[in-house]
Amino acid sequence: MAFSQEAYKAYFADAPDDVDVDGIDLKRVPRHIAVIMDGNGRWAQRRNLDRGYGHAAGVSALKEVITACVRLGVGALTVYAFSTENWNRPKEEVDLLMSLFASTLIDELPLMHREDVRLKYLGDMDELPDDTRATFERGLSETADHAGLTLAVAVNYGSRAEIARAARILARRCTSGEMDPGQIDEQAIERELYTFPLPDPDLLIRTSGEQRLSNFLLWQLSYTEMVFTDVLWPDFDRWDLMRAILTYQRRHRRFGGVSDDE
Ligand code: IPE
Ligand code: IPE
Ligand code: MG
């Protein structure tokens, strides 16, 4: 869906006092935003609820952020939903998350159709429960023709596993004679990462006050601007996204060079 000034204005009307919506430069909105959606458990605990309620509330936050990204004309949104280390959680929580992923995907297919969102999936799908994997495959095929926002969902994703996998693929090509080790350069590795062909994220947001990457996109975040917020993921809304983008737009990206705009 093409960017529409009217739809954008309507979605970002009535801003809180501290959010300078008019200060945003719509020509410099990040092309790709990555989010570590953290703090669902603490959100629930503060309300004396089971952690599962926090995960369910996190889905509403994600829907708002997807819509906000569409209205802003962001090209890609990558969200960290389940890490390779998250299998270490109690089985009940893992099972709940896996069924929440499947049910959310089915429930939100109309949103994907309406907003022209194309799904992408990052991680090793083979290790997911059969019904969760089948749902993901359905989501991928049903949204393959969409041309608006790409929504990349990282489930059973670990950056180290992703890089090791790329190394394995390239090594196999070399031993079969298809490729020479001298041809392995940054582009060759990038082509085998789950994120290909997305550009590297311009902005990474992590919620809940934690300031670490937790094995997320270690390669792709090399020059990404990072914004950390204390807001817990279920409370994160379009205004928090706008605050993060305004912070991003105040930064000077140098990519190792010198900038001439300071
Ligand atoms: C993030 O919230 C969601 C997942 C990791 C699936 P958490 O579940 O990590 O919430 P906290 O960090 O325990 O509050
Ligand atoms: C990172 O959050 C993974 C996701 C948000 C899916 P965690 O809550 O698992 O990370 P740590 O354990 O605090 O580093
Ligand atoms: Mg956490």
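Whatever order the structure lists ligands and atoms in, that order sets their numbers, starting from 1. FYI, side chains are in, hydrogens and waters are out, and symmetry mates aren't considered; it's all heavy atoms of this structure.
- A donor-acceptor pair shorter than 3.5 Å can be found between the side chains of Glu190 and Trp219.
- At a heavy-atom cutoff of 4.0 Å, ligand 2 is contacted by no atom of Phe216, backbone or side chain.
- Applying the 4.0 Å criterion to heavy atoms of Phe82 picks out, from ligand 2, the atoms 6 (C).
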Check your understanding: What do the steps show when you test Arg243 against Thr229 for side-chain hydrogen bond (donor to acceptor under 3.5 Å, both in side chains), and what is the final call?
Key -> CA-CA 10 Å; Arg243 286 183 189 97; Thr229 166; over 6 Å; no
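- Between Trp43 and ligand 1, no N or O atom pair is found at a separation short of 3.5 Å.
- Taking only nitrogen or oxygen atoms, main chain and side chain alike, Asp38 reaches within less than 3.5 Å of ligand 1.
- Under 4.0 angstrom from ligand 1, the non-hydrogen atoms of Arg51 all belong to its side chain.
- Ligand 1 lies out of reach of Glu210, whose nearest heavy atom is not under 4.0 Å from it.
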**Study point:** Stepwise side-chain hydrogen bond (donor to acceptor under 3.5 Å, both in side chains) test for Gln249 and Asp25
**Key:** CA-CA 8 Å; Gln249 291 193 338; Asp25 180 350; 5.4 Å; no
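- Contacts between Asn86 and ligand 1 below 4.0 angstrom, taking non-hydrogen atoms only, involve the side chain exclusively.
- Summarising the geometry of Ile66 relative to Leu151, their closest heavy-atom pair is CD1-CD2, 3.7 Å, with the distance given to 0.1 Å.
- Ligand 1 has Gly39 within reach: a non-hydrogen atom of the residue lies less than 4.0 Å from it.
- Closest N/O/S atom of Asp38 to the Mg ion (ligand 3): OD1.
- At the shortest separation from atom 7 (P) of ligand 2 among protein heavy atoms lies Arg89 NH2, 3.8 Å.
- Nearest non-hydrogen protein atom to atom 1 (C) of ligand 1 is Met37 O, 3.0 Å.
- Short contacts between ligand 2 and Ile36, defined as distances under 4.0 Å to a heavy atom of the residue, involve ligand atoms 5 (C).
- Of all the atoms in ligand 2, the ones that sit under 4.0 Å from a non-hydrogen atom of Arg212 are 11 (P), 13 (O), 14 (O).
- In Tyr53, the OH atom is not crowded: 12 or fewer heavy atoms of neighbouring residues, nucleotides or ligands sit closer than 6.0 Å.
- Geometrically, ligand 2 and Tyr80 share no nitrogen or oxygen pair separated by less than 3.5 Å.
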Practice item. List the steps, then state whether side-chain hydrogen bond (donor to acceptor under 3.5 Å, both in side chains) holds for Thr104 with Asp107. Key: CA-CA 5 Å; Thr104 301; Asp107 290 349; 5.8 Å; no
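- No N or O atom of Ala81 sits closer than 3.5 Å to an N or O atom of ligand 1.
- Distances from atom 13 (O) of ligand 2 to the protein include at least one heavy-atom value under 4.0 Å.
- Residue contact check for ligand 2: Arg206 places a non-hydrogen atom closer than 4.0 Å to it.
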